[in-house]
Amino acid sequence: MSLAIRPEITSSFRDDEEQAAAAVPLLAAASPTRSRSHAGDVHILSAAFLFVFSAYLPTQNLQSTLNDDGNLGAVSMGIVYVSFTVFAATAAAVVRGLGSRGALLLGTSGYALFILANLHPTWYTMVPASIYLGFASSIMWVGQGTYLTSAAFSHATENKLNDGQVLGRFNGEFWGMFASTQVIGNLISLVVLRNDKDGGGAEEKNLLFTVFLGCMVVGIVLMFLLSRRDESIGVEGGDHELPEKSLLWDMSKSAVAPLADRRMLLLAPLLAYYGLQKAFVWAVFTKSIVTPVLGVAGVGGAMALYGTSGVISSLVAGRLTTGLYSSTLIVSAGAVLQAGVLFWLLFFYSPVGGVLGSEAPLLVGALWGVGDGILNTQLSALIGLLFKDKEAAFALGKMWQAAATAAVFFLSPGATLQGMLAAVAAALVVALTAFLSLSLVVERSYALKL
C-alpha cells in the first residue's frame, strides 16, 4: 500500500469524486479573498527564478574557467557554499521573521551583487560578494520552499485535491522552469563568447555580465509582484505562531530540531548527494570533460543540453508524483541513470577519440540533466510532504546540500577526474541506500497507524 500523501495533516485516501477532481487543471479559480490564484503565484515565482538564475547559473558554470588566476573562481564558489552552510543554520528563523516573500526579495540581492563583482573580479570584490551571497541564498531557498509548499497546500485545501499531487505538480512546474535557466543562460553565454576557446576578451565578458544584470532586474521586479502568504496552512495544529522566546533560542531550536527526526537523518545523504552532483557538473564536468574537447565557449552548449533534459525530466517527474511510493520509484530511476553515466566515465570515457568523440560531453550533459531534474523535483516535494516544520526542514536540507557543494569546489582543483568520479559514485550508493531505508521506515510507521 503506497503512502500517497503526508499522514500528519491529511488522510491518505480520497473518495472517487475527489480523485476525479484531481484531474482539474491547477490554474483553478482563485479564492474570493485573493486577487490571484495560488497557482498564479507559483507561475510568478517560477518566472522570477527563471530570470534570476538564467543570469546566475551560467556565471557559476564559468567561474572555474574565466576566473582561473589563483583558482579565484573555484575558491569563490567554495566560499559561497561554506557561507551558505553557516547561515543556513539560522535561515529558518530569518524567514519566519521576514516572511517567505521578504526572504525571496532580500535573497535576490546577493545574486545581483555577485554578478556585479564579476565585472571586476579580484579577491577584494569576489570574496565579500561570495560571503554575502551565501547568506542571501540560504534565506532565499528556504523562502522558496516555504512559499511554494504553502501555495500547494492552500490550493489543495481550497479545491479539495490530493496534497501530494498538487505539491508534485507545483514542484514540477517550478523545477522545470528552473532547469530551463541552464538552457537560456548558457545559450546567452554561448552567443556572447562566440567560438573563442579561451572564452573571449574583456569586452565580451563585460557584455555578458551586463546582460545578466538586466535579467536579474527583471527577476527582482517579478519577486515584488508575489502575493503575501498565510504560511500556517498545511501545518499540523493550525496557526503557525513563533514561540515566545528569544530570537537566539528560536534560531537554535530551528537548526537542531530536525536532527532528532530519523526521517531527516535518512534523507540527509541524498540531500548531500544532490549538492555534490550539482557541484560536480559546475566545477568538474565543465572544466575537465567539456572544456578539453569543446573549449570554454562549448560550456554554454553542453550546459544548455543539460538544462533541456532537466526541464523535461522535472515536468514529467512532477506529473507522476503522488506521494512517497511514487517518489521512491522516480528517485531510484534517476539514481540508476546517473550511476550508469559515472560507470561509463570511469571505465570507458576518453577525451581524445573514443566511441562518441566530441559528442561525448554533450551526451553526458543531457543524461546527467535527467537525473538532476528528478532530484530537483522529488527532494522539494518530499520535504514538504514529510515534515511539519517546513522552514526548519528546508533550511537543514539546504545546509546538507551546500556543505557537499562547498567540499567539491575546494577539493576539485587538487583532485584527479577519476578520483572525483569515484567519490561521486560512492556518495550515490550511500545516498540511495539511505533513501530506500527511509521509504521502508515511513511505510512501516504509516502501516502501524492503520
Side-chain angles (χ1 to χ4, degrees), residues 49 53 57 60 81 141 144-145 148-149 164 167-182 263-264 266-285 303 306-321 323-342 364-387 393-394 396-405 408 423-439:
F49 271 73
F53 284 88
L57 286 181
Q60 179 174 255
Y81 288 98
W141 279 110
Q144 178 273 329
L148 188 147
T149 302
L167 192 56
R169 292 181 184 182
F170 277 14
N171 272 289
E173 175 188 334
F174 176 84
W175 290 109
M177 290 278 279
F178 184 83
S180 68
T181 62
Q182 289 283 9
R263 296 170 303 173
M264 177 58 78
L266 290 172
L267 189 60
L270 188 62
L271 291 165
Y273 173 75
Y274 171 70
L276 188 153
Q277 61 92 31
K278 273 192 171 297
F280 170 79
V281 172
W282 297 329
V284 180
F285 171 70
M303 294 304 291
Y306 165 80
T308 300
S309 62
V311 171
I312 297 170
S313 64
S314 293
L315 293 174
V316 172
R319 299 289 294 183
L320 294 176
T321 301
L324 181 61
Y325 181 73
S326 62
S327 288
T328 301
L329 296 177
I330 294 168
V331 169
S332 297
V336 169
L337 179 61
Q338 288 198 341
V341 174
L342 288 168
V364 170
L367 292 176
W368 199 267
V370 174
D372 181 72
I374 286 173
L375 289 175
N376 277 337
T377 305
Q378 299 307 303
L379 284 174
S380 294
L382 283 166
I383 290 176
L385 287 167
L386 292 174
F387 300 100
F394 277 113
L396 189 58
K398 291 299 178 183
M399 187 167 68
W400 288 118
Q401 294 171 22
T405 302
V408 173
V424 174
L428 176 56
V429 171
V430 173
L432 184 59
T433 301
F435 177 68
L436 293 177
S437 299
L438 167 68
S439 299

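Scope of the values below: all heavy atoms of this structure, side chains included, with no hydrogens, waters or symmetry mates.
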**OP:** Enter the distance from Arg169:CZ to Asn171:CG here, rounded to the nearest 0.5 Å.
**Re:** 13.0 Å

**OP:** Kindly compute the distance separating OG1 (Thr405) from CD (Gln277), expressed to the nearest 0.5 Å.
**Re:** 9.0 Å

**OP:** Determine, step by step, whether Thr149 and Ile383 satisfy the side-chain contact (heavy atoms from CB on, under 4.5 Å) criterion, reporting the C-alpha distance in whole Å, the side-chain angles of both residues, the deciding distance to 0.1 Å, and the verdict.
**Re:** CA-CA 9 Å; Thr149 302; Ile383 290 176; over 6 Å; no

Original post:
Between Val331 and Gln378, which heavy-atom pair has the shortest distance, and what is it?
Top reply: CG2-CB, 3.6 Å

Original post:
Do the side chains of Leu266 and Ser437 get nearer than 4.5 Å, heavy atoms only?
Top reply: yes

**OP:** Taking the side chain as every heavy atom from C-beta outward, state whether Ile330 and Thr321 have any pair of such atoms under 4.5 Å apart.
**Re:** yes

**OP:** Report the residue from Leu382, Leu436, Leu438 that forms a side chain to side chain contact (heavy atoms under 4.5 Å, CB included) with Thr328.
**Re:** Leu436

Subject >> Residue pair Tyr306 / Phe285, side-chain heavy-atom distance below 4.5 Å >> reply: no

Subject >> Thr377 side chain vs Gly373 backbone, donor-acceptor pair below 3.5 Å >> reply: yes

Subject >> Considering all heavy atoms, the nearest Ala427-Leu276 contact >> reply: CB-CD1, 4.1 Å

Subject >> Spacing of NZ belonging to Lys278 relative to CG belonging to Leu57, to within rounding of 0.5 Å >> reply: 7.0 Å

Original post:
Counting N and O atoms only, with roles assigned by atom type, does the side chain of Gln338 sit under 3.5 Å from a partner on the main chain of Ala335, one being a donor and the other an acceptor?
Top reply: no

Subject >> Interatomic spacing from OG in Ser380 to CG in Leu375 - rounded to 0.5 Å >> reply: 10.5 Å

Original post:
Hey, are the side chains of Val424 and Leu428 touching, using non-hydrogen atoms and a 4.5 Å cut-off?
Top reply: no

**OP:** Please report the shortest heavy-atom distance between Ala366 and Ser309, naming the atom on each side.
**Re:** O-OG, 2.6 Å

Original post:
Tell me, do Ile312 and Val370 make a side-chain contact under 4.5 Å, heavy atoms counted?
Top reply: no

**OP:** Look up atom CG in Leu271 and atom CG in Leu396, then write down how far apart they are to the nearest 0.5 Å.
**Re:** 8.0 Å

Original post:
When rounded to the nearest 0.5 angstrom, what distance separates CG in Leu270 from CH2 in Trp400?
Top reply: 13.0 Å

**OP:** Might you point out which heavy atoms bring Gly275 and Ala404 nearest each other, and give the distance in Å?
**Re:** C-CB, 4.4 Å

Original post:
Do you know which two heavy atoms are closest between Ala402 and Tyr81, and how far apart they sit?
Top reply: O-CB, 3.4 Å

**OP:** Would you please indicate yes or no on a ring centroid separation below 6.0 angstrom for Trp141 and Phe178?
**Re:** yes

**OP:** Measure the shortest side-chain to side-chain distance between Val311 and Trp175 over non-hydrogen atoms and say whether it is less than 4.5 angstrom.
**Re:** no

